[in-house]
S.K.: 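Sharing a structure, written as structure tokens. Questions coming.
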Amino acid sequence: MTEDEVVSSESVSADEQSVSADSSVTADELRAQIKPLSSNGFVRFFQNLYRKWLGVWYGFCDKHPKLSDLIYKVVFFFVFSMGVTIWQYIVMAVVPLALPKTAAVGWPMIPLAAAGGRSFIIFGDEQGWAMFICFEIAVFTAQCINFPLQRNITYRSHGNPYFQAMWYFIGWVLVSVATNALWGVANAFLLHWNVPELVIGLAKTVLTGGVSMVVFFFIFMIIFPDNNAVAKRAKKKYDNLVAKNADPEKIEKAKVAYETAQIKADKSNADKEYAKAKSQASGKAMRYFASVDRIQKAKTDEEKATLTEKSEKAFSEAVEAVKVKNEKEEVYNRVFGLA
């Protein structure tokens, strides 16, 4: 019997009943914590690997909260940024094939003698407006994909999305001007050297996308700040004003700012902790049922006794994980007004 078959079983075995007899959480309740695995063996294999990895990762998070938070943000930022960079390259490689090539157009059109007279262009392209518009479409759509992913997954931000989107757009415009100016020089030389168009498209994507990725990492730190740090600073400012007997109007304003920042921090914390607790409850439950399966396969009473002891420990850990998950769910519902 596989682990999945144990998990999906309708009945509670005698071993499970004996382990759970003294607990308020039953084996059936534990089974309900487990997310169903795919019926496809290939997909199920990677799902199991992912669940095991989450157990290791959350253990690391408990020991190194600040470092794990930084690693999480850097990894997801890089993955999403590279994903949209690939999207840009696909658009730049495919769409221009259907566009006509025209004479160089744009601004400021400064001839570069070292590049054989090719022009330095910020807004426009040596191959016509169509190529420039295609590039801007590729970059703009990439940012439309990147923004919600970074906001909701990487930074788990609960700030005003319209305000953040506005600053993100402003940042994108400024970064685009800078990267276009950089590309204006590089493109002139690549065309002068008769570099193939696909290679030019790749170079443009890597150069502009790479620079944008680095700059946007710091932009995101500004528009998606750590809500706990913001709340801490707001509280410190409020406490200082109170201690100095400052103007009541200033104190009240600082109080509102602090309370607003604290609400955002509470939402971020509740969201992250609830997601973690659900995953841990599922993982602990799976570990318990796997231990029950091993008991059933035991060949000697001594082996069965040893495995039963381990199963009891696995059950206790699973029960505790479910209790924590229920507590985090209550907090989540309260903070988000769902209770």
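Only heavy atoms go into these numbers, but all of them, side chains included; no hydrogens, no water, no symmetry mates.
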S.K.: Can any side-chain N or O of Arg151 pair as donor or acceptor with the backbone N or O of Gly159 at less than 3.5 Å?
M.R.: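 Yes; at least one donor-acceptor contact below 3.5 Å.
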
S.K.: Please examine the side chains of Val256 and Tyr238, heavy atoms only from C-beta on, and report whether any two atoms are closer than 4.5 Å.
M.R.: no

S.K.: Step by step, work out the side chain to side chain contact (heavy atoms under 4.5 Å, CB included) result for Ile121 and Trp107.
M.R.: CA-CA 5 Å; Ile121 302 173; Trp107 177 88; 5.9 Å; no

S.K.: Considering the options Val75, Val74, Asp69, which one meets the side chain to side chain contact (heavy atoms under 4.5 Å, CB included) requirement together with Ile71?
M.R.: Val75

S.K.: More than 12 heavy atoms of other residues, nucleotides or ligands under 6.0 Å from CG of Asp301: yes or no?
M.R.: no

S.K.: Which of these, Trp87, Trp172, Phe135, Tyr168, sits in a ring pair (Phe, Tyr, Trp, His ring centres under 6.0 Å) with Phe140?
M.R.: Trp172

S.K.: Is Gln143 close to Gln88 at the side-chain level, that is, under 4.5 Å between some pair of heavy atoms?
M.R.: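 Sidechains of Gln143 and Gln88: in contact.
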
S.K.: Which heavy atom of Gln280 sits nearest a heavy atom of Ala321, and at what distance?
M.R.: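 Looks like O-CB, 4.1 Å.
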
S.K.: Is a side-chain donor-acceptor pair under 3.5 Å present for Asp266 with Gln262?
M.R.: yes

S.K.: Checking the side chain of Ser68 only, and the main-chain atoms of Pro65 only, is there a donor and an acceptor separated by less than 3.5 Å?
M.R.: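 Judged by distance alone, yes, a pair lies under 3.5 Å.
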
S.K.: Using the rule that two of Ile, Leu, Val, Met, Phe, Trp, Tyr join whenever any of their side-chain heavy atoms come within less than 4.5 Å, decide whether Val214 and Phe76 are in one cluster.
M.R.: no

S.K.: Quick check: do Ile219 and Phe216 have side-chain heavy atoms less than 4.5 Å from each other?
M.R.: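 A side-chain contact under 4.5 Å exists here.
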
S.K.: Start with the C-alpha distance between Leu112 and Arg118, add both sets of side-chain angles, then the distance that settles side chain to side chain contact (heavy atoms under 4.5 Å, CB included), and finish with yes or no.
M.R.: CA-CA 6 Å; Leu112 299 175; Arg118 295 283 186 173; 5.6 Å; no

S.K.: Examine the side chains of Gln47 and Ser38 and answer whether a donor and an acceptor come within less than 3.5 Å of each other.
M.R.: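 Result is no, nothing qualifies.
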
S.K.: State, with a plain yes or no, whether a side-chain heavy atom of Lys253 is found less than 4.5 Å away from one of Lys250.
M.R.: no

S.K.: Side-chain atoms of residues 220-233: list all donor-acceptor pairs with protein atoms under 3.5 Å, sequence neighbours left out, distances to 0.1 Å.
M.R.:
unit_1 : atom_1 : unit_2 : atom_2 : d
Asp226 : OD1    : Asn228 : N      : 2.9
Asp226 : OD1    : Ala229 : N      : 2.9
Asn227 : ND2    : Ser268 : OG     : 2.6
Asn228 : OD1    : Asn269 : ND2    : 2.8
Asn228 : ND2    : Asn269 : OD1    : 2.9

S.K.: Is there a donor-acceptor pair under 3.5 Å between the side chain of Ser81 and the backbone N or O of Phe78?
M.R.: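 Such a contact is absent between Ser81 side chain and Phe78 backbone.
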
S.K.: Show, in sequence, the C-alpha distance, side-chain angles and deciding distance for Tyr50 and Phe46, and conclude whether the ring pair (Phe, Tyr, Trp, His ring centres under 6.0 Å) test is met.
M.R.: CA-CA 6 Å; Tyr50 176 66; Phe46 286 100; over 10 Å; no

S.K.: Hey, are Asp271 and Lys267 close enough for a salt bridge, meaning a charged N less than 4.0 Å from a carboxylate O?
M.R.: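 Looking at Asp271 and Lys267, the cut-off is not met.
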
S.K.: Check whether any side-chain heavy atom of Val319 sits under 4.5 Å from a side-chain heavy atom of Tyr288, and report yes or no.
M.R.: no

S.K.: Between Asn187 and Ile200, does the side chain to side chain contact (heavy atoms under 4.5 Å, CB included) criterion hold? Intermediate values first, please.
M.R.: CA-CA 8 Å; Asn187 189 39; Ile200 291 179; 3.9 Å; yes

S.K.: Which word best sums up how the rings of Phe189 and Trp193 line up, parallel for under 30°, tilted for 30 to 60°, or perpendicular for over 60°?
M.R.: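 If you compare the ring of Phe189 with that of Trp193, the planes turn out tilted.
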
S.K.: Measure from the side-chain N and O atoms of Ser311 to the backbone N and O of Leu307, and report whether any donor-acceptor pair falls under 3.5 Å.
M.R.: no

S.K.: Can Lys328 be said to sit on top of Tyr332's aromatic six-ring, NZ or CZ under 6.0 Å from centre and within 45° of the ring axis?
M.R.: no

S.K.: Counting heavy atoms not belonging to Phe60, are there more than 12 under 6.0 Å from its CZ?
M.R.: yes

S.K.: Without swapping roles, check the side chain of Thr306 against the backbone of Glu302 for a donor-acceptor pair under 3.5 Å.
M.R.: yes

S.K.: Evaluate Lys73 against Phe217 for side chain to side chain contact (heavy atoms under 4.5 Å, CB included), listing each step before the verdict.
M.R.: CA-CA 10 Å; Lys73 288 179 179 177; Phe217 180 79; 5.6 Å; no

S.K.: Quick check: are there more than 12 heavy atoms from other residues, nucleotides or ligands sitting under 6.0 Å from CD of Glu309?
M.R.: no

S.K.: Can you tell me how the ring of Trp129 sits relative to the ring of Phe132, calling it parallel under 30°, perpendicular over 60° and tilted otherwise?
M.R.: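 Ring orientation of Trp129 relative to Phe132: perpendicular.
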
